[in-house]
Amino acid sequence: MDIVWQAEDSLREKKVESDLKDLLKMMVAFANSVAPGDTAQIFIGEKDDGTVQGVKNTDNIQKTVTKEAEKIYPEIYYKTEVYERDGKQCVRSHTPL
């Protein structure tokens, strides 16, 4: 998968690993506002300006996303995947599938 830099917008959010306190809120907002046919994406390991920080442990980030998603009712459908950008590993979560 080739991830290229794109600015944040209503369907794209960038977060660094140390700033995931509002992850649940962001996932709910995306799930409630994504129009049919659109995909909302959260890029974890990237800064708003496009700088890639990466994440230390991709498994832990994916577990954090899953833990937060499990709190949402009704259930949302999402996917997480690891990608590399600028030689650093990051995690992308997107909804809906």
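Starting from 1, each residue takes its place in the sequence as its number.
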**OP:** Identify whether Val52 and Ile42 are in the same connected component of the hydrophobic contact network (ILVMFWY, side-chain heavy atoms under 4.5 Å).
**Re:** no

Original post:
Does the side chain of Phe43 come within less than 4.5 Å of Arg12's, by heavy atoms?
Top reply: yes

Subject >> Spacing of CG belonging to Asp59 relative to OG1 belonging to Thr64, to within rounding of 0.5 Å >> reply: 10.5 Å

Original post:
Hey, is the main chain of Arg92 close enough, under 3.5 Å, to the side chain of Thr80 for a donor-acceptor pair?
Top reply: no

Original post:
Salt bridge check: are Lys56 and Glu17 linked by an N-O gap of less than 4.0 Å?
Top reply: no

**OP:** Hey, could you give me the NZ/OG distance between Lys79 and Ser93, rounded to the nearest 0.5 Å?
**Re:** 11.0 Å

Subject >> Minimum side-chain heavy-atom gap Glu81-Tyr83 below 4.5 Å >> reply: no

Original post:
So, do Val91 and Gln62 sit near enough that their side-chain heavy atoms are less than 4.5 Å apart?
Top reply: yes

Scan the side chains in residues 31-40 for donor-acceptor partners under 3.5 Å anywhere in the protein, sequence neighbours excluded, and list what turns up.
unit_1	atom_1	unit_2	atom_2	d
Asn32	ND2	Val28	O	3.3
Ser33	OG	Ala29	O	2.7

Subject >> Donor-acceptor contact below 3.5 Å, side chain Asp22 vs main chain Lys25 >> reply: no

Original post:
If only atom types and distance count, is the side chain of Asp86 paired as donor or acceptor with the main-chain N or O of Lys88 below 3.5 Å?
Top reply: no

**OP:** Under the side-chain contact (heavy atoms from CB on, under 4.5 Å) rule, what do Tyr78 and His94 come out as? Steps first, then yes or no, please.
**Re:** CA-CA 5 Å; Tyr78 69 97; His94 54 95; over 6 Å; no

Original post:
Between Glu75 and Tyr77, is any pair of side-chain heavy atoms under 4.5 Å apart?
Top reply: yes

Subject >> Under-4.0 Å salt bridge between Lys14 and Asp49 >> reply: no

**OP:** Assess whether side-chain contact (heavy atoms from CB on, under 4.5 Å) is satisfied between Val16 and Glu46, documenting all intermediate values.
**Re:** CA-CA 6 Å; Val16 292; Glu46 297 191 32; over 6 Å; no

**OP:** Please name all residues satisfying side chain to side chain donor-acceptor pair (under 3.5 Å) with Gln53, sequence neighbours left out, ordered by chain then number.
**Re:** none

**OP:** Check the pair Cys90 / Ile44 against side-chain contact (heavy atoms from CB on, under 4.5 Å), numbers first and verdict last.
**Re:** CA-CA 6 Å; Cys90 300; Ile44 303 170; over 6 Å; no

Original post:
When hydrophobic residues are tied together by side-chain contacts of less than 4.5 Å, even through go-betweens, does Phe30 share a cluster with Leu23?
Top reply: yes

**OP:** Would you please name every residue forming a side chain to side chain donor-acceptor pair (under 3.5 Å) with Glu13, sequence neighbours left out?
**Re:** none

Subject >> Glu68 and Lys71 ion-paired at < 4.0 Å >> reply: yes

